[in-house]
Amino acid sequence: SVGDELELTNIGGGLSVKQASSVHVQGRVGDDASFTEVERLDIERIDGDLVLIDVDVTTVKRVEGDLYGKSGIALLHASTIGNDCQVQGDGNAEVLLGSVGNDLAISGASRFEVGNVGDDCLVQESANGQGKISNVGNDLKILGATGLQIGNVGGDCELRDVQGEVSLSQ
C-alpha cells in the first residue's frame, strides 16, 4: 500500500503496486508488473506481462507480454501489446488499443477502438458499446454492440446482437 503519488524510473525486475492515487513509470519495468486499486497509471514499457485490477485510468506505451485488466476500468489506452490482451470492464470502460500481437478479448466496454489484432478478436457483454476495429488477422466475433466500424478480417466474422449502424470494409 503506497498511498499518494509514486514516480519510478527504470525498474530492473518486476513491480507490484497496491493502493495508490497516481503511479508514473518512466523508462521500463524489466519483468512482469501488477497494479491494484490505482486511480491513474502511466507507464512507458513493460518487458513482461501487465496485470491491472481496479485501475481507473491507464496509459501504457508498450507491453512486451500479455495485458490483463479487470474491474473498475474507466479508460485503458495502450499503444502496443506484444502478446494477448484481455480486458473485463464493468460496462462503462473505454478501451483504446493500437496493436495487439495475438488474441484480444474485451467485455463490458462502452467504447472500443483497436488498430490491429494479430490473431482472434472477441468483444462481448458490451451491448451499449460503440466500436471501431481496423484489422483482425484471423477471426472476429462480436456479441453485442450499438455501432461498429470494421476494416479487414482475415478469417471468419460473426456479429450478433448489434444495434445501430454497422460498417464493414475490406
Side-chain angles (χ1 to χ4, degrees), residues 1-126 129 131-141 151 154:
S1 180
V2 177
D4 290 329
E5 296 185 18
L6 184 61
E7 297 266 343
L8 301 168
T9 303
N10 289 327
I11 308 296
L15 176 64
S16 179
V17 176
K18 185 173 182 178
Q19 295 179 334
S21 63
S22 176
V23 178
H24 179 74
V25 181
Q26 289 184 322
R28 70 182 187 92
V29 175
D31 201 351
D32 298 342
S34 68
F35 298 88
T36 305
E37 298 175 28
V38 174
E39 291 176 25
R40 182 172 297 277
L41 176 62
D42 182 29
I43 304 172
E44 287 185 22
R45 179 177 163 175
I46 304 288
D47 285 350
D49 297 339
L50 175 60
V51 176
L52 307 169
I53 300 171
D54 287 321
V55 178
D56 294 340
V57 176
T58 301
T59 301
V60 59
K61 290 182 182 170
R62 183 171 191 86
V63 176
E64 295 293 334
D66 298 337
L67 188 152
Y68 173 72
K70 74 173 200 171
S71 300
I73 295 171
L75 173 63
L76 170 62
H77 183 230
S79 298
T80 304
I81 300 163
N83 203 12
D84 297 334
C85 179
Q86 181 178 355
V87 180
Q88 297 175 340
D90 297 331
N92 60 355
E94 285 190 54
V95 180
L96 310 173
L97 305 173
S99 174
V100 177
N102 287 322
D103 294 339
L104 170 63
I106 297 173
S107 63
S110 63
R111 179 173 161 241
F112 54 93
E113 289 186 18
V114 181
N116 183 64
V117 178
D119 201 4
D120 296 333
C121 179
L122 168 66
V123 178
Q124 62 186 357
E125 299 172 15
S126 300
K132 180 179 180 181
I133 301 172
S134 297
N135 183 65
V136 177
N138 200 11
D139 297 341
L140 172 64
K141 186 180 212 178

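This one's a predicted model, so the numbers in the text were calculated from it and none came from an experiment.
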If I compare all heavy atoms of [X] with all of [Y], which pair ends up nearest, and what's the gap?
X: Q26; Y: E44; result: CA-OE2, 3.7 Å
X: G72; Y: D56; result: O-OD1, 3.3 Å
X: V29; Y: G13; result: CG1-O, 3.3 Å
X: G108; Y: S126; result: N-OG, 3.3 Å
X: N10; Y: R28; result: OD1-N, 3.0 Å

Begin from the C-alpha positions of C121 and V114 and carry the test side chain to side chain contact (heavy atoms under 4.5 Å, CB included) through to its verdict.
CA-CA 10 Å; C121 179; V114 181; 5.8 Å; no
Of the options [options], which is the one that meets [X] in a side-chain contact (heavy atoms from CB on, under 4.5 Å)?
X: F35; options: I43, I53, D54; value: I43
X: L67; options: L76, V100, T58, V51; value: L76
X: L41; options: V17, T59, L52; value: L52

Hey, are R40 and E5 close enough for a salt bridge, meaning a charged N less than 4.0 Å from a carboxylate O?
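Looking at R40 and E5, the cut-off is not met.
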Regarding E94 and R111, does a basic nitrogen lie under 4.0 Å from an acidic carboxylate oxygen?
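Salt bridge between E94 and R111, a charged N being under 4.0 Å from a carboxylate O: yes.
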What's the spacing between [X] [atom1] and [Y] [atom2] if we round to 0.5 Å?
X: L50; Y: C85; atom1: CG; atom2: SG; value: 9.0 Å
X: I106; Y: Q88; atom1: CD1; atom2: CD; value: 11.5 Å
X: R45; Y: R62; atom1: CZ; atom2: CZ; value: 6.5 Å
X: D4; Y: L6; atom1: CG; atom2: CG; value: 10.5 Å

Kindly determine whether Q86 and K70 satisfy side chain to side chain contact (heavy atoms under 4.5 Å, CB included), including the steps that lead there.
CA-CA 8 Å; Q86 181 178 355; K70 74 173 200 171; over 6 Å; no
Evaluate the side chain to side chain contact (heavy atoms under 4.5 Å, CB included) criterion for residues L104 and V123: first the C-alpha distance (whole Å), next the side-chain angles of each, then the deciding distance (0.1 Å), finally the verdict.
CA-CA 8 Å; L104 170 63; V123 178; 6.0 Å; no
Residues in side-chain hydrogen bond (donor to acceptor under 3.5 Å, both in side chains) contact with S79, at least two apart in sequence or another chain
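Partners of S79 under the side-chain hydrogen bond (donor to acceptor under 3.5 Å, both in side chains) test: none.
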Using the side chain to side chain contact (heavy atoms under 4.5 Å, CB included) criterion, which residues pair with D32? Sequence neighbours excluded.
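In terms of side chain to side chain contact (heavy atoms under 4.5 Å, CB included), with neighbours along the sequence ignored, D32 is linked to D49.
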Which residues satisfy the side chain to side chain contact (heavy atoms under 4.5 Å, CB included) test with D31, sequence neighbours excluded?
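Partners of D31 under the side chain to side chain contact (heavy atoms under 4.5 Å, CB included) test: none.
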Between D120 (side chain only) and D139 (backbone N and O only), is there a donor and an acceptor less than 3.5 Å apart?
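Side chain of D120 to backbone of D139, a donor-acceptor pair under 3.5 Å: yes, one is there.
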Indicate whether the side chain of N102 and that of D119 have a donor and an acceptor atom separated by less than 3.5 Å.
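D119 and N102 do not have a side-chain donor-acceptor pair below 3.5 Å.
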Before giving the answer on side chain to side chain contact (heavy atoms under 4.5 Å, CB included), spell out for F112 and I133 the whole-Å C-alpha distance, their side-chain angles and the decisive distance to 0.1 Å.
CA-CA 8 Å; F112 54 93; I133 301 172; 4.0 Å; yes
